[in-house]
Every structure is written in C-alpha cells, then in structure tokens.
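Sharing a structure with you now.
Values reported hereafter were calculated over all heavy atoms of this structure, with side chains retained and with hydrogens, waters and symmetry mates removed. Proteins get letters first, then strands, A, B, ... in listed order; numbering begins at 1 in each.
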Amino acid sequence: MFASLIHPRVLTALALLLAGAGLSITAWQGPDNAMLVPRIVLTIWCAVALAILIGELIRRVPVKHATLTPLPLLMAAVLVAAIATASLGFLIPALPLVALTLWLFRIQRPLPLLLGTIVIGGGLWFLFHHVLMIRLPALLTNGVI
Amino acid sequence: MHAKTLRRWLSIAAAAFAISPLVQAADYTASDEITVLQGFKPGGGSDTLAQLVQPRLSEILGVDFVNEYMPGATGAVAWTRLAKQSPNDGSVVSITNTPMLMTNYIMNDAISYTTDELTPIANVVTDPGIVVVNADSPYQTIEDLFDAARQNPGTVTIGNSGVGGDDFFTTILLEQATGLSFKKVPFQGDGPSATAAMGGKIDASFNNVGNVYGQVQSGNLRALAVFAEERLDSLPDVPTLKEKGIDVVAGSSRGYSAPAGIPDEARQQLIEAFQTLAQDPDFQAEAKKRAMNLDIVTGDDYRAMFERMESQYRQVWDEVKDDVAQ
Amino acid sequence: MDMILAAMGDAFTWQALLAIVIGTWAGIVIGGLPGLGSVVGLTIFLPFTFGMDVITSMALLIGVYCGSVYGGSITAILINTPGTPQSAATTFDGYPMTQQGRVDEALGWATFASFFGGVLSCVLLIFCAPQLAKFAVNFGSIEVFALVCLAMLCIVGISRGSLLKGLVCGMMGFFFSMVGSDPITGADRFTFGSYALSSGLDLIPVVVGAFALSEVFIRFSARDEEAAAIPEARLRFPSLREIGRRLIELVRGSFIGSFVGALPGTGAAAAAFISYASAQKLSPRRANLGKGEPDGIIASESSNNAVTGSAFIPTLALGIPGDVVTAMMMGAMVIHGITPGVRLMVDQAQTVYALFVVLIIVNVAMLILSKPSIGLFRYLFKMPLGFVMGGIVMFSFIGAVSVRGNPLDLVVAALTGILAYVLRRGGYPLAPLVIGMVLGPALESSLRRGLLISRGDFLSFFTHSGIATTLFVLIGLFLIWTAVAGVLDWRSRMAACRQPVPSSSSRA
C-alpha cells in the first residue's frame with residue numbers, strides 16, 4: 001500500500017491537487033469581482049485533480065524500476081541559468097548551460113565541446129545582442145556584455 | 001556588416017534626401033552620437049515620433065541618433081534605465097510619454113524612478129482626449145451624455161484603453177469635476193475601445209483624437225467633445241469641455257527627456273534644436289500627414305507640465321486606488 | 001484597371017521582389033526556430049526598413065510575417081515543438097505523422113495548406129474587406145464570449161489520452177493566463193507581492209517551456225537510443241487528387257482563419273484552435289484526428305496563415321490593428337507616411353493595391369522557398385543531437401526573454417519546462433495547457449466586459465444580437481448532440497457487452 005502511494009503518478013496527481021487547493025485559498029481571499037473566474041477555474045481544477053488522484057490509486061500502474069540519470073542536473077542547470085540571468089546578464093549564465101547541455105548529450109571531446117559552446121552560446125548571443133540589436137539582459141549598464 | 005552602422009547610414013541617407021538644402025548648424029558639444037532609449041517596440045507610437053523627429057534633429061545638431069529599444073512594463077524599463085543608470089553627459093535621452101511616465105510610479109510602488117531624476121527637454125506631440133459615440137447613438141451632444149448619466153448614475157458605459165491608461169484617468173477626472181458617475185469598461189488598447197463604440201456596444205468611448213480621427217471624418221463615429229485647451233483645427237465643430245465649464249484637459253503626450261544634471265550647454269542646445277524644429281514648415285507638414293498633433297513645449301515649461309500632471313494624477317489615484325487595487 | 005496595373009508596377013520592382021525573397025525566407029527560418037516568432041522577426045527587420053520606400057519595406061515585413069507563421073509548422077512536425085504558438089495545433093497530427101514515417105507528407109500538407117489559407121484570405125481581403133470589417137465591428141464582447149464557449153466545448157475532447165488529465169491541464173493554462181493584474185479592475189491576482197509578476201505571464205515563455213524545453217528533457221532520457229534521433233526533413237506536395245479530396249477542409253480552415261483574424265484581439269493561435277475544433281466535429285475523417293491525420297494539419301495551418309491576410313482588414317479598413325503583429329505593421333506604415341484608416345482606400349488606393357499584390361507574391365514565394373528552407377532545417381537537424389539540443393535551449397532562452405525584455409520570463413520558461421516534463425511522464429497532454437492560455441483570457445475578458453456592458457444581466461447575453469443568439473443556439477444544439485451521442489454510444493456499448501464478440505469501442 002505504501003509503495004503505491006509514492007508512485008510518481010500518484011505523487012503528480014497529489015501535487016496537482018495540493019497546488020490547486022493552495023491557489024484556491026488565495027482566490028477566495030481576494031476581491032469578489034476580480035476573483036470570480038479564478039474561483040470557478042480553480043474549483044474545477046481541484047475536483048478534476050481529486051478524480052485523477054483516485055483513478056491513479058485504483059489503477060496502480062506498476063512502478064518502473066527507477067534508474068539514476070543526470071536529468072535533474074540538466075533541469076537544475078536550466079533553472080539556475082534562468083534565475084542568474086536577472087543579475088548576471090544573458091551571456092555569463094548561457095555559456096556554462098550550453099556547455100553542460102552538450103556534455104550531457106554526449107558531446108564530450110574537448111574540441112567539439114569548446115567550439116560548440118562558443119558558437120551556440122557566444123555566437124548566437126553576439127548575433128542577437130549586437131548584430132540584430134535584440135537587446136538581451138546585460139551585466140554592465142552600457143550593455144556590452 | 002554591422003547592423004547599427006548600416007542602419008545609421010541608411011537613416012542619414014534618408015535624411016539627406018528628405019531635406020535638400022543642407023543647412024549646417026553648430027555641432028552638438030556633448031557627444032558625437034545620442035542614444036535614444038525607447039520604452040516600446042519598434043513601430044510603436046514612440047518610434048513613429050522618433051523617425052519623424054530624429055533625422056531632422058540630426059541635421060540641426062550635427063549628431064547621430066541611435067535608437068535602443070527596451071520594451072517592458074509600459075516604458076518603465078527604459079525610464080528606470082534613463083533615470084538611474086545612464087550617463088548624465090547629454091549622450092543619452094529617452095522618449096517620455098505622459099501621463100504614463102508619472103502614472104507608472106504613482107500606481108506602483110515597485111517602480112523606483114521619479115520625474116525629479118530627469119531633465120525634461122521638450123514635449124513634441126499631444127494627442128488630446130476625445131469623447132466619441134456611435135453614429136446612431138441617441139447622444140447628440142456631450143450634455144445628452146451627461147444628462148443620461150445624471151438620470152441613471154453608474155449605468156452609462158464608457159470604454160477606455162485599460163485600467164491605468166490615460167483615458168481611464170480622464171474618465172475619473174471628469175467624474176470628479178462633474179460629480180457624475182459612469183460605468184467604466186476597460187479594453188485592451190484604444191483600438192478595441194473605439195471598435196466597441198463603433199459597434200454600439202458601449203455608450204461612449206474616451207479615446208485619443210489620433211486613433212479615431214478617420215472614423216469621425218467618415219461619419220462612423222460622432223465626436224461629442226475634446227479634452228483640449230482650445231478647439232482643434234482638425235475638428236473645428238467639436239466643443240472643448242472647457243467651454244462647457246468643465247476644466248478637464250487631458251491627452252497622451254510624447255516628448256524627450258534626459259537624465260537629471262546634464263550639462264547646461266547640452267540642455268540648451270537640445271532645447272534650441274526643438275525650437276528650431278517647431279518652426280520647420282516641412283516638419284509641420286509631415287506631422288500633419290501622420291495625423292500627429294504638434295504641441296512643442298520646451299525646457300522649464302515642459303518641467304511645469306510634468307509637475308502639473310504629477311500632482312493631478314497623484315490626487316486622482318489617492319482617491320480611487322482603494323476601489324481599484326487591493 | 002490602370003490603378004491595378006500601376007500597383008503591379010510598384011510591387012514588381014527588383015527591390016520589392018528582393019525584399020520579399022529575403023523577408024519570406026528569413027521569416028520561415030525565424031518562425032521555425034523554437035521561441036522566435038513573428039514579433040521577434042518583425043522587431044529584427046523593422047529598423048532596417050526606415051531607409052527604404054513604402055512598398056519595399058512593407059514587402060520585407062509582410063514576408064517576415066507570413067513566413068514566420070508558416071515556419072512554425074516545420075519544427076512542430078519534425079520535433080513536436082511548435083516554432084511559434086500559432087502552430088501549436090499543428091503538433092496534434094503533425095508529430096504523430098512524423099512518428100509514422102510520414103514526415104514528407106506532413107510537411108507537404110502544412111506547406112500547401114499555409115499557401116492556400118494565405119491566398120484565400122488575400123482574395124477575401126481584396127474583395128470583402130469593408131464588409132468583413134463591418135461584421136467584425138458588430139462582433140463585440142458578448143459575441144466573442146459565445147464563439148469562444150463554442151470552441152472550448154468542441155475542443156474538450158481534443159486530448160486523446162485521459163479526458164480528465166486534459167481538463168486539468170486546460171484549467172492550468174487558463175490559470176496561467178490569469179496571473180497578473182486583472183484587466184477589468186486592475187487588482188493584482190496571484191502575484192504574491194511580486195512586481196515582476198503583475199504584468200502577467202506571457203504566452204511565449206510558457207509555450208517555449210511546455211514544448212521546447214520539455215522536449216529536450218524527454219529526449220535526454222533516450223539520448224543513447226535510436227528513438228531520440230530526428231527524422232530527415234523532406235517535403236512532398238500532395239497530388240491534385242489528394243487536394244481535391246480534402247478541398248473542403250482547406251476551404252473551411254481558410255474561412256475560419258480569415259474570419260477570426262478580422263476580429264479584434266483574437267489572433268492566429270486562437271484561430272488555429274477554433275479551426276481544429278471545427279475539424280474535430282465536421283471532418284469526415286474526424287475519428288483519426290490526433291493520430292496523424294492530414295486534416296488536422298490542414299485545419300491548423302490553413303487557418304493560421306489565413307489570419308495573415310485578414311489581420312490587415314481592421315488595420316486597413318478601420319485604422320485599428322487587430323493584434324500585436326499588425327500593430328507593428330501599422331506603425332511601419334505610419335512611419336512611412338501612410339496613415340491607415342477609412343480614407344486610405346480612397347486617398348492612397350494605389351499603395352493599398354500594391355500591398356495586396358505583395359501579399360499574394362509573398363504567399364507564392366513561401367511555396368517556392370519552402371523547399372530550400374526545409375533543406376536548411378534538414379541540415380541543422382543532421383548535426384549531432386547534442387548540438388541540436390544545445391541550440392534549442394539557447395533559442396528558447398533568447399525567444400523567452402526577448403518578447404518583453406523581462407528576465408523573469410526565463411524563470412517562467414524553465415519552470416514550465418520542468419512541470420511539463422513531469423506532466424508528460426504522468427500521461428498528461430500538454431496541448432490543453434496552451435489552449436487554456438490562448439482562449440482563457442478571451443473567454444474571461446469577454447464575459448466580464450459583457451457583464452459590464454449588459455449591466456450585470458447575464459440572461460440578456462442570449463438575446464443581445466442575432467449573431468450572439470445564433471452562436472448560443474449552436475452551443476445548445478451541440479450540447480444536445482453530445483448528450484444524445486453519449487447515450488447512443490453507451491447503449492451500443494452495453495449491447496456489445498452482451499455479445500461475446502470483442503469489439504473496440506471508440507470514444508467520441
């Protein structure tokens with residue numbers, strides 16, 4: 001019984017239900033007029049999420065054997081780079097992110113890795129930021145990097 | 001080829017073609033080029049102004065203008081950059097839209113710049129507020145509309161371009177001046193508000209002359225009043241609210257400002273350039289062609305305009321903010 | 001007649017033709033790259049046009065616009081990642097076809113449907129602009145509310161998998177659209193005190209996260225397997241016989257796109273979903289929709305490209321742009337001294353006709369340039385998977401942040417990517433998330449604006465106008481039809497249960 005409770009599908013449904021419930025509290029505390037539609041939407045969300053949760057508990061798809069993959073590392077890198085852009089500008093977080101993505105996708109020989117990082121990370125940044133003048137977030141106030 | 005250089009070259013070429021007798025005036029002392037921070041996307045109203053004004057200013061001042069577009073937060077991204085992070089040597093200016101420039105920070109404490117951190121150079125265009133109704137509307141005059149609002153308070157529907165926009169504030173200013181109350185219907189922009197009036201979906205739309213002029217001319221919309229100081233040359237039959245005894249003057253204006261504390265000489269040269277521009281008949285003709293209502297106000301007068309708007313809109317917001325936001 | 005010939009002369013200059021070729025090709029490529037869409041494309045090219053004459057600059061911009069709307073379908077079909085939100089509905093059938101090894105056919109239909117929709121909407125623009133504009137003006141908030149309700153009802157069954165899981169994702173998308181300051185009262189909703197959130201969540205970062213980034217994560221787990229490889233992009237145009245067989249689908253999609261495009265404040269993504277919803281109900285091959293049926297691609301691509309022509313209707317006829325993209329085009333016209341509006345057709349008819357000619361040439365150019373553009377993507381996707389994925393991550397980031405220069409949008413994209421990965425692993429369909437985010441705001445703001453206009457009287461919605469009443473009657477009929485079909489389906493299933501013959505019952 002306990003094993004089936006920590007099944008990823010059950011956890012996903014549970015998380016959806018909790019998120020919906022949490023947001024519902026905010027919606028019911030807010031002003032009536034502005035929160036009218038959000039309340040309806042979140043109520044449906046919660047009801048449906050509850051139904052899904054019950055469905056997942058009844059169905060009990062067998063748990064796939066969990067393997068350790070570096071995927072969470074890639075996800076974390078994407079998220080950290082996204083957060084860091086606000087303070088460090090676009091280029092500095094982008095370079096290590098591209099390098100890590102290439103590495104994890106099996107581009108591990110030094111030369112292709114380095115060239116790939118410079119061309120995909122630096123090159124695209126330069127193209128958009130300096131040539132096409134689509135200004136990306138910058139570290140320095142004068143916008144050079 | 002570097003796009004910035006290419007673009008500058010193209011704009012200079014275009015300017016050279018446009019103005020045939022090349023008048024070479026005194027060079028701008030502060031820098032070789034002026035960066036113009038634009039708070040909106042290319043092709044927006046600010047850019048339209050920039051493309052009209054800057055090639056001519058470039059001739060007068062002997063300096064290149066480089067546009068840098070940084071759209072976001074209804075201009076606040078660019079204006080914060082101008083006030084807080086730009087060199088105040090006269091090499092950076094921005095196109096400042098009023099009353100948006102003030103209402104941004106009046107309505108939102110998280111926006112940190114204020115107009116005290118700017119050097120107002122010149123206002124260039126003002127698009128006055130206007131009241132329009134559907135051509136089949138029973139309201140023939142502005143008094144008809146007010147009468148209806150007086151008989152059934154809070155039921156006459158008035159479209160505006162969005163909560164916090166200039167038309168939204170104009171509606172409140174009018175409510176405060178007349179003691180009437182309207183049902184404000186916010187749309188996403190001036191266009192949808194005008195369309196709704198044209199389709200007879202709302203009783204009236206508070207809009208800007210530039211947006212609805214064509215529709216008024218062709219008879220799809222009827223203009224009841226303008227929120228201007230005097231009657232407009234383009235709409236001589238439309239009364240101002242002032243002549244009706246209601247002192248509400250409002251509109252949406254665009255001009256140029258620099259960061260606070262730029263050198264006096266640079267400020268003076270910029271102001272004189274705009275004054276020269278104001279006299280240029282070719283410029284006046286081009287502005288007319290684009291349905292832009294020139295309203296050139298320079299230097300200290302432009303600052304006075306800032307201060308007047310700031311106090312006016314702050315007062316309005318203080319009175320209504322509890323009804324609007326949490 | 002002289003006027004039209006003169007207009008042709010304006011459009012067939014070498015500068016204008018060159019601008020069309022460059023603009024269209026660049027537009028296709030920009031549209032195809034995940035994250036970069038029509039707005040970024042126009043932002044890149046608009047400043048270049050300041051030194052050009054009117055027709056050349058409009059040729060360049062129209063090329064970029066139409067090209068980008070079509071280009072989004074290429075990556076939607078190849079890697080299940082719509083290059084632009086307008087092509088999100090193309091993934092429903094485009095990607096299943098790719099998985100079945102029918103890439104060439106899928107790309108062929110997408111290209112032809114885009115061309116067909118584009119040209120048909122040009123024709124409508126030329127002959128019916130004033131009438132359509134008049135109709136659009138009468139289509140107010142209450143009518144939009146009824147239309148979106150109808151589309152939402154049709155679309156509920158769009159997700160194959162679980163209906164419930166689709167519904168919860170739809171609600172999530174709807175919820176995403178409500179974050180930020182409320183458009184009607186200005187009150188902050190779900191911003192938790194963050195100023196950056198008060199301007200709301202933009203569609204592009206969410207689409208980038210839900211499709212592009214989550215696709216990178218999904219392919220990561222299978223990076224050493226054959227399944228992660230991207231099939232070679234090829235193009236095979238449908239034969240005349242095949243086109244004839246599906247002509248009615250092409251025409252319907254194009255009309256829906258032209259019509260929705262002329263309405264203010266809807267846009268190409270909404271048009272594609274509404275058109276897909278209609279195919280779901282009206283296509284003779286509707287049972288196969290979502291499993292790799294060309295009709296699905298036709299519904300989506302013919303309608304989103306039909307928007308490119310008809311979006312000019314409110315701009316040219318009323319001087320009121322229908323969406324962000326046409327607002328930028330209108331800005332470009334004003335900069336060149338043409339003020340769109342009622343008088344434009346009279347005062348500057350030659351320029352307007354030249355624009356129509358340009359619009360048609362752009363669609364032809366799109367058809368011709370589709371092959372080399374797809375060739376470029378074939379070349380790009382032939383590179384080792386790592387480079388392709390690194391590029392997708394980079395373009396996603398650039399696209400997400402360049403929409404409005406808000407670094408928070410990157411965090412939104414990253415979080416949506418992770419969320420979408422978890423949901424996909426749990427068997428949740430992602431399309432309803434985007435549908436909720438596109439149609440949700442239209443539904444909410446039209447409902448609440450309608451309530452303001454009708455002074456709080458919801459019942460008066462039904463009798464507000466002829467159009468509204470018709471749409472509500474359609475909704476009623478649809479509900480009755482669904483109920484009856486449900487009962488019949490249930491009875492036949494009960495009958496099937498009694499017989500020992502195993503039969504697979506299909507869900508409506």
Side-chain angles (χ1 to χ4, degrees), chain A residues 8-9 12-13 15-16 19-20 23 26-27 30-31 33-38 41-42 44-45 48-49 51-52 55-56 69-71 74-75 78-83 85-87 90 94 97-99 101-107 112 116-117 119-121 124-125 128 132-137, chain C residues 40 43-44 47 162 164-165 167-168 171-172 174-175 178 182 184-190 192 213 216-217 219-221 223-224 384-391 393-395 397-398 400-402 405 407-408 410-415 417-418 421-423 425-428 440 443-444 447-448:
Chain A
R9 287 193 170 218
T12 308
L16 280 175
L23 293 167
T26 318
N33 185 352
M35 286 297 185
L36 171 71
V37 181
V41 168
L42 288 168
I44 301 177
W45 171 338
V48 176
I52 294 172
E56 301 280 25
T69 79
L71 180 61
L74 180 63
M75 289 177 171
V78 168
L79 187 59
V80 168
I83 295 169
T85 301
S87 44
F90 193 87
L97 176 64
V98 171
T101 311
L102 296 184
W103 173 268
L104 290 176
F105 273 99
R106 306 285 189 240
I107 305 224
T117 307
V119 171
I120 298 174
L124 287 179
W125 167 81
F128 279 85
L132 300 174
M133 300 296 282
I134 298 289
R135 286 303 197 173
L136 302 168
Chain C
V40 174
T43 312
I44 292 172
S162 153
L164 286 177
K165 287 181 172 176
L167 196 57
V168 83
M171 291 301 138
M172 215 183 291
F174 202 159
F175 170 76
M178 293 184 297
D182 170 30
I184 305 293
T185 66
D188 277 350
R189 300 194 290 187
F190 309 107
F192 305 105
L213 290 178
V216 171
F217 298 149
R219 279 172 201 264
F220 182 79
S221 313
R223 64 195 183 283
D224 296 325
L385 189 66
F387 290 134
V388 177
M389 292 298 142
V393 170
M394 194 66 189
F395 277 116
F397 267 46
I398 293 173
V401 80
S402 60
L408 184 80
L410 279 181
V411 182
V412 170
L415 287 176
I418 296 168
Y421 174 81
V422 173
L423 291 176
R425 284 283 170 209
Y428 295 80
L443 189 73
E444 187 193 4
L447 168 68
R448 293 180 51 208

* To do: Examine whether an atom of C:V393 lies under 4.5 Å from a heavy atom of chain A, and if so say whether it belongs to the side chain, the backbone or both; otherwise answer neither.
  => side chain
* Below 4.5 Å from any heavy atom of chain C, which atoms of A:A13 appear? Answer side chain, backbone, both or neither. => both
* To do: Determine the option with the most heavy-atom pairs under 4.5 angstrom with chain A, choosing from C:D182, C:I398, C:L408.
  => C:I398
* How many angstroms lie between NZ in C:K165 and CZ in A:R9, if you round to the nearest 0.5 Å? -> 4.5 Å
* **Separation between CG of C:L447 and CG of A:L36, rounded to the nearest 0.5 Å** => 7.0 Å
* Structure fact -> Under 4.5 Å to a heavy atom of chain A? For C:V411 that would be both
* With a 4.5 angstrom heavy-atom cut-off, could you sort out which part of A:L79 is near chain C: side chain, backbone, both or neither? => both
* For residues C:M394 and A:G121, report the shortest heavy-atom separation together with the two atoms involved. => CE-O, 3.1 Å
* Asked: Atom CG of C:L410 and atom OG1 of A:T85: how far apart are they, to the nearest 0.5 Å?
  -> 5.0 Å
* Which answer fits A:L16, side chain, backbone, both or neither, if we ask what part of it has an atom under 4.5 Å from a heavy atom of chain C? -> side chain
* Asked: Of the non-hydrogen atoms in C:Y421 and C:S221, which two are nearest, and what is the gap between them?
  -> OH-OG, 3.6 Å
* Structure fact -> Highest number of heavy-atom pairs under 4.5 Å with chain C among A:N33, A:L71, A:L124 belongs to A:L71
* Among the options A:A19, A:A34, A:P70, A:A86, pick out the one with the most heavy-atom pairs lying under 4.5 Å from chain C. => A:A34
* Asked: Most heavy-atom pairs under 4.5 angstrom with chain C, which of A:A51, A:P38, A:G116?
  -> A:P38
* **A:L97, part contacting chain C, at a heavy-atom distance under 4.5 Å** => side chain
* To do: Pick one of side chain, backbone, both or neither for A:L42, based on which atoms fall under 4.5 Å of a heavy atom in chain C.
  => side chain
* To do: Using non-hydrogen atoms and a 4.5 Å limit, figure out which bit of C:I184 sits close to chain A: side chain, backbone, both or neither.
  => neither
* Between CZ on residue C:F174 and CD1 on residue A:I44, distance to nearest 0.5 Å -> 8.5 Å
* Structure fact -> Interface check, chain C: of A:S87, A:A82, A:A94, most non-hydrogen pairs under 4.5 Å belong to A:A82
* Asked: Any idea which of A:V41, A:T101, A:V48, A:T12 has the most non-hydrogen atom pairs under 4.5 angstrom with chain C?
  -> A:V41
* Asked: How long is the gap from CG on A:L132 to CD1 on C:I44, to the nearest 0.5 Å?
  -> 4.5 Å
* To do: Measure distances from A:A81 to the heavy atoms of chain C and classify the residue's part below 4.5 Å as side chain, backbone, both or neither.
  => both
* Please examine the side chains of C:F387 and A:P112, heavy atoms only from C-beta on, and report whether any two atoms are closer than 4.5 Å. => yes
* Contact class of C:V216 relative to chain A, heavy atoms under 4.5 angstrom -> both
* With sequence neighbours excluded, tell me which residues meet ring pair (Phe, Tyr, Trp, His ring centres under 6.0 Å) with C:F175. => A:W45, C:F190
* Asked: To the nearest 0.5 Å, how far apart are CZ in C:R223 and CZ in A:R106?
  -> 4.0 Å
* To do: Check whether A:V78 gets within reach of chain C through its side chain, its backbone, both or neither, counting any heavy atom under 4.5 Å.
  => both
* Do C:V401 and C:F397 have side-chain heavy atoms sitting under 4.5 Å apart? -> no
* Asked: For A:A99, is it the side chain, the backbone, both or neither that has a heavy atom under 4.5 Å from a heavy atom of chain C?
  -> neither
